[in-house]
Amino acid sequence: MLLSKVISFSIPQKFTLTGLLQVRAKNYLNRPRLRNPVWFVRKERTVHDELITPENTSFVKEVLYERYGPSALIKGVLTFDQSKSSLIKSEELPPVQWQPGMKRTGVIAKKIGQYPLWRKDGTKIRTTLLQIIDNHVVKYIPPEEFEPPREPNQKRNWKNPYGCLLVGAESRDPSIFTKEYCGLFKDSGVIPKQHLCRFIISPEARILPGTPLNVTHFRVGDFVDVRGKTVDHGFQGVVKRHSFKGMPASHGVTKTHRRPGNIGAGGAKARVWPGTKMPGHMGNRWRNLRGLKIWRINTKYNVMWVQGSNIAGDTNGLVYIYDTILPLRKYKEAPAFPTHFASENDSYADEDFWHEDIHNFKDGSITFKEE
């Protein structure tokens, strides 16, 4: 009589079959912030009707232009050279050679629409127009002073190799802001900005406060990452939020046409699993698109044509543009480091720059040969 050996083994609790089958995304971790941070400075003040005449209003604007100058969007690119790139003359930064791994600053742009482009072989490309709106450097925070956001129980990283560059966009009338908010721009020499953003940079990529950032910060053919906030749709059901099919419209179905139905909460774990697709708030979430190619640049209006038509945000919504972090699409050659400083003998005098694979509408598409 042969005795068969019985092999017994136990499965750890975290590797149970039920746990392996229930794999769902925890999208609730990406909820928007409901409270302002502790360092938040109140931006706008209560505006009262001060009964200022149109003549006095124009006079105030003239005084602002004499002190700060017109916006970079009005001036264009070629009015700045490297010696006059900053409004603060406290110091001059030595030139730094770009090395792989260094992080440059990004820019703040506005999504103004979509436009098709065509390759020279006739292939259609859908692009999004992003306009860099009057960007200026406001402040630089060195690595020893910059403290990135961290978890409540996480210790501070004292060996932080990166600094922070505060960039502002879209100049506005200082009278609509509070005194504390205008104090952020006291040492920058620029007019108070409507929008602010912090960019993580290498210490070698430091830029003096007051330096303008234009579309020439990038080049045609570069790959960028675009970060934007999706359109806010409010509280929506599963049909619109998750594209559910819904119940049948006839054959005894009563008032369940657009309901989710069974959520699969039975079995060993009779509960609602985290990440289950259910009704809830739709939109108003930050989304990143990586590795988008720049096909065209216009230096007169600071507009770039970026690959794709699914960049998050509504028309005239703000987006943030960075150098891509994808390994195969990073810079192989040195970019404009730390940014592009225009000069008189600059090749950016032309308004439009097209990629070599894109058909320029100013060029003819039909050629004739003499026989």
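FYI, side chains are in, hydrogens and waters are out, and symmetry mates aren't considered; it's all heavy atoms of this structure.
When all heavy atoms are compared, the tightest approach of F199 to I321 is CE2-O, 4.4 Å. Shown here for W273 and G264, the closest heavy-atom pair between the two residues is CD1-O, 4.5 Å. Minimum interatomic distance between H195 and Y181 (heavy atoms only, all atoms of both residues): N-OH, 4.5 Å. Nearest heavy atom pair, residue A109 against residue L130, reads CB-CB, 4.2 Å. Across P279 and G237, no two heavy atoms sit closer than the pair CB-CA, 4.1 Å. When all heavy atoms are compared, the tightest approach of T324 to G291 is OG1-N, 3.6 Å.
Contact annotation: the side chain of I132 never approaches that of I108 to less than 4.5 Å [non-hydrogen atoms, C-beta and beyond]. Annotation: side chain of P116 is not in contact with side chain of T127 (no heavy-atom distance under 4.5 Å). At least one side-chain heavy atom of T339 sits less than 4.5 Å from a side-chain heavy atom of I207. Counting heavy atoms from C-beta outward, P203 and P143 have side chains that approach closer than 4.5 Å. In this structure, K111 and L129 have side chains that are not in contact, with every pair of non-hydrogen atoms separated by 4.5 Å or more.
Between W286 and Y320, the two ring planes are tilted [angle within 30° to 60°].
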Handout entry: Evaluation steps, side chain to side chain contact (heavy atoms under 4.5 Å, CB included), between V272 and M278
Key = CA-CA 10 Å; V272 180; M278 299 186 72; 4.0 Å; yes

Practice task
Apply side chain to side chain contact (heavy atoms under 4.5 Å, CB included) to the pair T105 and H217, showing each step before the final yes or no.
Solution key: CA-CA 9 Å; T105 180; H217 186 71; 3.9 Å; yes

Practice task
Verify side chain to side chain contact (heavy atoms under 4.5 Å, CB included) between H233 and K240, making sure each step is shown before the conclusion.
Solution key: CA-CA 10 Å; H233 292 275; K240 183 173 181 179; 3.7 Å; yes

Exercise for the section: Go through the steps for R296 and D352 under the test salt bridge (charged side-chain N to carboxylate O under 4.0 Å, His left out), then give the verdict. Expected result: CA-CA 7 Å; R296 180 183 171 188; D352 285 316; 3.5 Å; yes

Practice task
Would you please test T123 and D121 for side chain to side chain donor-acceptor pair (under 3.5 Å) and show each step?
Solution key: CA-CA 6 Å; T123 306; D121 59 357; 3.1 Å; yes

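A continuous path of Ile, Leu, Val, Met, Phe, Trp and Tyr side chains, each step under 4.5 Å between heavy atoms, connects L292 with F353, placing both in one hydrophobic cluster. Note on W305: it clusters hydrophobically with W354, by side-chain heavy-atom contacts below 4.5 Å among ILVMFWY residues. Neither I297 nor F223 shares a network with the other; the hydrophobic side chains, linked directly or stepwise wherever heavy atoms of I, L, V, M, F, W or Y lie under 4.5 Å apart, form separate groups for each. Note on V96: it clusters hydrophobically with V137, by side-chain heavy-atom contacts below 4.5 Å among ILVMFWY residues. By the rule that hydrophobic residues join a cluster once side-chain heavy atoms approach within less than 4.5 Å of another member, L326 and V306 end up as members of separate clusters.
Under the 3.5 Å distance criterion, with hydrogens and angles disregarded, no donor-acceptor pair is assigned to the side chains of Y322 and N288.
W295 carries K293 over the face of its six-membered ring, with the cationic atom under 6.0 Å from the centre and within 45° of the normal.
From C164, atom SG reaches atom CD1 of I201 across 7.5 Å, with rounding to the nearest 0.5 Å. Distance NE2/H340 to CG/N214: 9.5 Å, rounded to 0.5 Å. To the nearest 0.5 Å, atom CG of residue N135 and atom CG of residue N302 are 8.5 Å apart. The distance from atom CG of L289 to atom CD1 of I311, rounded to the nearest 0.5 Å, is 6.5 Å. Rounded to the nearest 0.5 Å, atoms CG (D222) and CE (M304) are 9.0 Å apart. In this structure, the separation between CD1 on I52 and CZ on F59 is 12.0 Å, given to the nearest 0.5 Å.
Between the side chain of T128 and the backbone N or O of Q114 there is no donor-acceptor pair closer than 3.5 Å. Checking side-chain atoms of N298 against main-chain N and O of Y301 turns up a donor-acceptor pair under 3.5 Å. Side chain of N360 to backbone of I358: no donor-acceptor contact under 3.5 angstrom is found. A donor-acceptor pair is defined here as one N or O able to donate and one able to accept, closer than 3.5 Å; such a pair exists between the side chain of K43 and the backbone of Q194. Distance alone, capped at 3.5 Å, is enough to place a donor-acceptor pair between the T230 side chain and the N284 backbone. With hydrogens and angles ignored, the 3.5 Å screen pairs no side-chain donor or acceptor of S202 with any backbone N or O of E204. Under a 3.5 Å cut-off, the side chain of T57 and the backbone N or O of T53 do form a donor-acceptor pair. Remark: the backbone N or O of H281 is paired with a side-chain donor or acceptor of R241 at under 3.5 angstrom. Using modelled atom types, no side-chain atom of H355 and backbone atom of R119 make a donor-acceptor pair closer than 3.5 Å. A distance-only check finds a donor-acceptor pair linking the side chain of T178 to the backbone of R42 [under 3.5 Å].
The local environment of CZ in R126 is sparse, with at most 12 non-hydrogen atoms from other residues, nucleotides or ligands closer than 6.0 Å. Q97 CD: 12 or fewer foreign heavy atoms inside a 6.0 Å radius. The number of heavy-atom neighbours closer than 6.0 Å to CZ of F244, taken from other residues, nucleotides and ligands shown, is above 12.
Sorted by first and then second residue, the pairs that involve residues 164-179 and meet salt bridge (charged side-chain N to carboxylate O under 4.0 Å, His left out), not counting sequence neighbours, are K110-E170, E170-R172. For residues 247-261, there are no side chain to side chain donor-acceptor pair (under 3.5 Å) pairs, not counting sequence neighbours. Residue pairs meeting the salt bridge (charged side-chain N to carboxylate O under 4.0 Å, His left out) criterion with at least one member in residues 317-339, sequence neighbours excluded: R104-D323. Annotation: salt bridge (charged side-chain N to carboxylate O under 4.0 Å, His left out) contacts involving residues 242-252, sequence neighbours excluded, are absent.
No salt bridge links K120 with D357; every basic N to acidic carboxylate O contact stays at or beyond 4.0 Å. Taking a cutoff of 4.0 Å between a charged side-chain nitrogen and a carboxylate oxygen, K193 and D134 qualify as a salt bridge.
Among L196, V167, T211, the single residue meeting the side chain to side chain contact (heavy atoms under 4.5 Å, CB included) criterion with V138 is L196.
In summary, the aromatic rings of Y162 and F146 are positioned with their centroids too far apart to meet the 6.0 Å limit.
Hydrophobic side-chain contacts under 4.5 Å tie V253 into a cluster, directly or through other members, with M247.
Among residues two or more places apart in sequence or in another chain, the salt bridge (charged side-chain N to carboxylate O under 4.0 Å, His left out) test is passed with R290 by D225.
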